[in-house]
Amino acid sequence: MLRQAAGTFEALGIEPWAQAARRELRASGETLRRPTEVRERLTPQEMQIAQLAADGLSNRDIAARLFVSPRTISTHLYNVYPKLGVRSRAELAAALAGGAQNLRHLT
């Protein structure tokens, strides 16, 4: 109920009430943020590149498969890692395999 109230107050621009609702949520141990699935965090192109990287393909192999440069793949992975809170391809594979529960930083 508080979650809905906070969202409504924010949408209506009633910031003092929205802040009060957020404080009450925090006091109760709740948050407005909910864990999201990996697929909701990434664009379709990022998801495709992340999955290929998690499958063990090199940046060069992914680039050849998608008809882009290896540098483009590096740039996408540079953006994907922080979105998922991972630091390696092994962590990326675990995050993609396990969904939100394996992610270190849930939003």
Side-chain angles (χ1 to χ4, degrees):
M1 190 74 159
L2 273 175
R3 187 182 308 277
Q4 290 174 330
T8 301
F9 294 144
E10 285 178 6
L12 293 173
I14 308 171
E15 192 55 35
W17 289 30
Q19 287 177 0
R22 285 193 296 269
R23 278 193 303 272
E24 291 296 321
L25 279 169
R26 280 193 299 275
S28 69
E30 289 287 322
T31 180
L32 285 175
R33 297 179 179 178
R34 292 184 177 163
T36 57
E37 292 298 319
V38 171
R39 295 188 191 289
E40 295 173 5
R41 293 172 174 232
L42 304 178
T43 67
Q45 186 174 21
E46 288 173 338
M47 188 64 200
Q48 182 180 27
I49 290 169
Q51 188 61 60
L52 291 170
D55 289 344
L57 274 69
S58 69
N59 288 5
R60 185 177 302 269
D61 293 336
I62 297 168
R65 185 175 286 189
L66 300 180
F67 304 105
V68 296
S69 75
R71 182 177 241 172
T72 300
I73 301 305
S74 295
T75 301
H76 278 291
L77 290 174
Y78 180 81
N79 293 325
V80 165
Y81 280 30
K83 282 184 177 183
L84 301 181
V86 299
R87 291 176 281 168
S88 68
R89 287 184 186 232
E91 289 180 10
L92 178 63
L96 294 177
Q101 58 269 30
N102 284 337
L103 297 179
R104 186 176 312 131
H105 304 289
L106 297 177
T107 60

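If you read the sequence from its start, that first residue is 1, and numbering goes on from there. Hydrogens, waters and symmetry mates play no part in the numbers below; they use all other heavy atoms, side chains included.
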**Q** Would you indicate whether the side-chain heavy atoms of M47 and L96 approach each other to under 4.5 Å?
**A** yes

**Q** Any non-hydrogen side-chain atom of L77 less than 4.5 Å from a side-chain atom of N59?
**A**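 Yes. Closest side-chain heavy atoms under 4.5 Å.
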
**Q** Would you find a donor on one side and an acceptor on the other, under 3.5 Å apart, between the side chain of R41 and the backbone of V80?
**A**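 Not at all, since once roles are kept as given, no pair shorter than 3.5 Å links the two residues.
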
**Q** Please assess L52 against D61 for the test side-chain contact (heavy atoms from CB on, under 4.5 Å), listing each intermediate value before the final yes or no.
**A** CA-CA 9 Å; L52 291 170; D61 293 336; over 6 Å; no

**Q** Quick one: closest heavy-atom pair of A63 and S69, and the distance?
**A** CB-C, 3.5 Å

**Q** When you compare the side chain of L42 with that of I49, does any pair of heavy atoms fall below 4.5 Å?
**A** no

**Q** Taking all non-hydrogen atoms of both residues into account, name the closest pair between A93 and A54 and its distance.
**A** CA-CB, 3.6 Å

**Q** Can you name the nearest heavy-atom pair linking R89 to Y81, along with the distance?
**A**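 Shortest heavy-atom contact: CG-OH, 3.2 Å.
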
**Q** Only pairs at least two apart or in different chains count here, so list each salt bridge (Lys or Arg N to Asp or Glu O under 4.0 Å) that has a residue in residues 45-54.
**A**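 Every salt bridge (Lys or Arg N to Asp or Glu O under 4.0 Å) pair that includes a residue of residues 45-54, provided the two are not neighbours, is E46-K83.
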
